[in-house]
Amino acid sequence: MTESKRFKRESTTFEYLPNEVCVEVFSYLNGVDTVYAFSSLNSRFQSLINNYVDIFNFKSVSKKKFCFVIQHRNIKRWRSLCLSNNDDTPGQIKLFCQLFPSTKYIHQLQSLTILNTQRIDTERFLLQVPLFNNLVSLSIENVCGVSIQSINLPKLQQLTLTSCKYTSWLMNCSSLKSLEYTIRKKNCSHRDKLVVPKTIARLKIYYNEYSDGKDIRELLRQMSNLTILALFDNSGYHLLPNGKIWEVLITSCSPLLKTFQFYFSFKQYPVLLNDLNAMIETFSTPFYLLEKRWFVRCHRDPERTCYGFLYSLPFAFSQLLMNASAYKTSISTLPDSDVNEIKNNHYAKVNTLIVNGVREEPPIYLLPSNIICLILNDKLSKSWLYLLKELRYLHIQHGADMSSDDFAQLLEHTPNLQSLTISIEGLEKLTNKLKHKIACQYLSERIKSLTITSSDYSLCRPDSGHVTIRALSLLTRILSSKCEHLSLAIKANPNTVRSILQRMRQLRSLHIQWAREFTVSDWFQEQSTYSTALDFVHIKDKQEFFIWFGNHF
């Protein structure tokens, strides 16, 4: 018998696998993809989907796939739902509410996530939340606590919230164990003392307080059940952080606390090296180093001594600010046995870098496999390029000055890049007015999402930042094969713009700003008087349109 015949194996199709294996495979997939791939194949797969697929995340899906899943699935059986109005899917929540105006379809949900929507839309949706008596996990953004104070969620255990400081409504959530809270006071005049249920054991707060964090500490005095605490304060302390204050607070009010993670930035003038050493001493007591084994690191800018930041190790947050000169004056309480940054991987959670200063060599502890988002406020040294092989999102700010060849080299080292955010002036400069052959070729091959931001000249010229018809024509020629999302401001007749954008064969979502009043019919010919039958969904906000396409326009 030949070697090939001895080891010849029969091929097995997916359809012949036992039900248990199919269900196991389905558990690793988003329910949206499972339904889209396996529905209508045969009665067996349809039955498995109906009985076992109940987690649906619609974030960034196409409108075509969204409509298919909605039509082919009994949503009364869903257990988890995520809706999002992000750049890829503007109007998704609006469309869902049009299709299912009553919570009788989704009252059984145990997990609900509502992302990237306007405050009025979020609150309108949340008015139905009190009917979700089975909800265990909830994630919501852009709400005012006053508007939703009647909500009562007796089974809720996990909450991710972005809202104002009015939190009295949280006291109705009597089973809450975990809270991630981002405080945003923009456009909200309501003032209230911060309160949360005392049942919370895990608390993470992102805040911007100019009162030295006194409100946060007052809140923590009432939370004796805390086991994990994470604080991110990016406001800039008026005073240097004081570890003794936190030590007293924790020992007296949170005796169960096992993990204390923080990021404190400070701006105090003057700050001398002796001041920094004194600050570090307050985080170097036996309580921190021996009892809790909580270690810290401090960076300051030697040229502007009043600026700096102090954080706990391991670094607990996804976003890290890189200021080149600040990292030259680093102070840490790490013991000698833990100084191997690569081995101990203290920065494993970092996936977003904000680069504010030129640094010849990147820190040794940054892992290339982790960095997926880069925000450039300055030119990036070539020695950083090896870190960017997994980069997907690139934001180029006004201070990032580089040549067209440098930009092309940056694109060469980012094979997974999908999204670019930049001003039109910046893009034209980095591509030699969209004519640099190599840079434009990389953009054509990789960019699925392009966002044109306001210009650094916007205060000088009212039309600055608007894309010209010429530039739009060149952009569509470059991006026509891959780009799925486009965001820009333009001054032109819709008929002219539409004829140009129709060249972008893959376009799925569009955000347009303009100076004149147009209606959606000026941009697109509506196929039906029934809004949910249209091939697109649109949201109008003053002089902006957000459009989510089905097949094309």
Count the heavy atoms of every other residue, nucleotide or ligand shown that sit under 6.0 Å from [atom1] of [X], and state whether that count exceeds 12.
{"X": "Lys258", "atom1": "NZ", "answer": "no"}
{"X": "Lys292", "atom1": "NZ", "answer": "yes"}
{"X": "Tyr52", "atom1": "OH", "answer": "no"}

Response to the item:
Sequence neighbours excluded, the answer for salt bridge (Lys or Arg N to Asp or Glu O under 4.0 Å) partners of Glu141 is none

Item to complete: Sequence neighbours left out, what passes salt bridge (Lys or Arg N to Asp or Glu O under 4.0 Å) with Arg77? Give chain and number order.
Response: none

Fill in: side-chain contact (heavy atoms from CB on, under 4.5 Å) evaluation trace for Ser254 with Leu229
CA-CA 10 Å; Ser254 301; Leu229 174 63; over 6 Å; no

Acceptor/donor pairs from residues 155-162 side chains to any protein atom, 3.5 angstrom cut, sequence neighbours excluded:
none

Discussion item. Consider ring pair (Phe, Tyr, Trp, His ring centres under 6.0 Å). Of Phe283, Tyr311, Phe317, which one does Phe262 pass it with?
Written reply: Phe283

Discussion item. Taking ring pair (Phe, Tyr, Trp, His ring centres under 6.0 Å) as the criterion, tell me which of Phe549, Phe58, Tyr36, Phe56 meets it with Phe66.
Written reply: Phe58

Item to complete: Give the intermediate values and the outcome of side-chain contact (heavy atoms from CB on, under 4.5 Å) for residues Asn277 and Ile331.
Response: CA-CA 8 Å; Asn277 289 334; Ile331 306 174; 3.7 Å; yes

Nearest 0.5 Å, please: how far is [atom2] in [Y] from [atom1] in [X]?
{"X": "Thr182", "Y": "Lys204", "atom1": "OG1", "atom2": "NZ", "answer": "9.5 Å"}
{"X": "Leu83", "Y": "Thr117", "atom1": "CG", "atom2": "OG1", "answer": "9.5 Å"}
{"X": "Leu394", "Y": "Thr421", "atom1": "CG", "atom2": "OG1", "answer": "8.0 Å"}
{"X": "Leu179", "Y": "Ile205", "atom1": "CG", "atom2": "CD1", "answer": "7.0 Å"}
{"X": "His485", "Y": "Ser60", "atom1": "NE2", "atom2": "OG", "answer": "10.5 Å"}
{"X": "Ser487", "Y": "Asp87", "atom1": "OG", "atom2": "CG", "answer": "6.5 Å"}

Heavy-atom side-chain proximity of [X] to [Y] below 4.5 angstrom:
{"X": "Leu320", "Y": "Thr352", "value": "no"}
{"X": "Trp548", "Y": "Leu95", "value": "yes"}
{"X": "Leu170", "Y": "Val195", "value": "no"}
{"X": "Leu276", "Y": "Cys298", "value": "yes"}
{"X": "Asp233", "Y": "Tyr263", "value": "no"}
{"X": "Ile49", "Y": "Val35", "value": "yes"}
{"X": "Phe545", "Y": "Leu510", "value": "no"}
{"X": "Thr451", "Y": "Leu420", "value": "no"}

Worksheet item: Looking at Leu417, Asn370, Asn416, which one forms a side-chain contact (heavy atoms from CB on, under 4.5 Å) with Glu390?
Response: Asn416

Item to complete: I would like to know whether His346 and Phe315 meet ring pair (Phe, Tyr, Trp, His ring centres under 6.0 Å); could you show each step before the answer?
Response: CA-CA 6 Å; His346 293 307; Phe315 195 81; over 10 Å; no

Do [X] side-chain atoms and [Y] backbone N/O form a donor-acceptor pair below 3.5 Å?
{"X": "Ser62", "Y": "Lys65", "value": "yes"}
{"X": "Asn85", "Y": "Gln92", "value": "yes"}
{"X": "Asn30", "Y": "Asn57", "value": "yes"}
{"X": "Thr113", "Y": "Cys82", "value": "no"}
{"X": "Asn134", "Y": "Gln110", "value": "no"}
{"X": "Ser265", "Y": "Phe309", "value": "no"}
{"X": "Asn225", "Y": "Lys198", "value": "yes"}
{"X": "Gln397", "Y": "Ile375", "value": "no"}
{"X": "Thr227", "Y": "Ala201", "value": "yes"}
{"X": "Ser163", "Y": "Cys144", "value": "no"}

Worksheet entry | Worked verdict on Glu247 versus Thr285 for side chain to side chain donor-acceptor pair (under 3.5 Å) | CA-CA 9 Å; Glu247 179 179 340; Thr285 64; 3.0 Å; yes

Practice prompt. Assess the pair Phe546 and His511: is the distance between their ring centroids shorter than 6.0 Å?
Written response: yes

Item to complete: Would you please indicate if the ring centroids of Trp246 and Phe264 are separated by under 6.0 Å?
Response: yes

Just to verify, what does [X] make a side chain to side chain contact (heavy atoms under 4.5 Å, CB included) with, not counting sequence neighbours?
{"X": "Ile228", "value": "Arg202, Thr259"}
{"X": "Ser175", "value": "none"}
{"X": "Arg221", "value": "Glu218, Leu249, Cys253"}

Item to complete: Would you mind checking if Lys59 and Asp88 are paired as a salt bridge, meaning a charged N to carboxylate O distance below 4.0 Å?
Response: no

If you compare all heavy atoms of [X] against all heavy atoms of [Y], which two are closest, and at what distance to 0.1 Å?
{"X": "Arg508", "Y": "Val61", "value": "NH2-C, 4.0 Å"}
{"X": "Lys349", "Y": "Ala316", "value": "CD-O, 3.7 Å"}
{"X": "Pro362", "Y": "Leu387", "value": "CB-CD1, 3.6 Å"}

Worksheet item: In terms of ring plane angle, is the pair Phe287 and Trp294 parallel, tilted or perpendicular, where the classes change at 30° and 60°?
Response: perpendicular

Practice prompt. Examine the side chains of Asn377 and Asn356 and answer whether a donor and an acceptor come within less than 3.5 Å of each other.
Written response: yes

Practice prompt. Take Trp78 and Leu112 through the side-chain contact (heavy atoms from CB on, under 4.5 Å) test and state the conclusion after the steps.
Written response: CA-CA 10 Å; Trp78 292 3; Leu112 175 63; over 6 Å; no

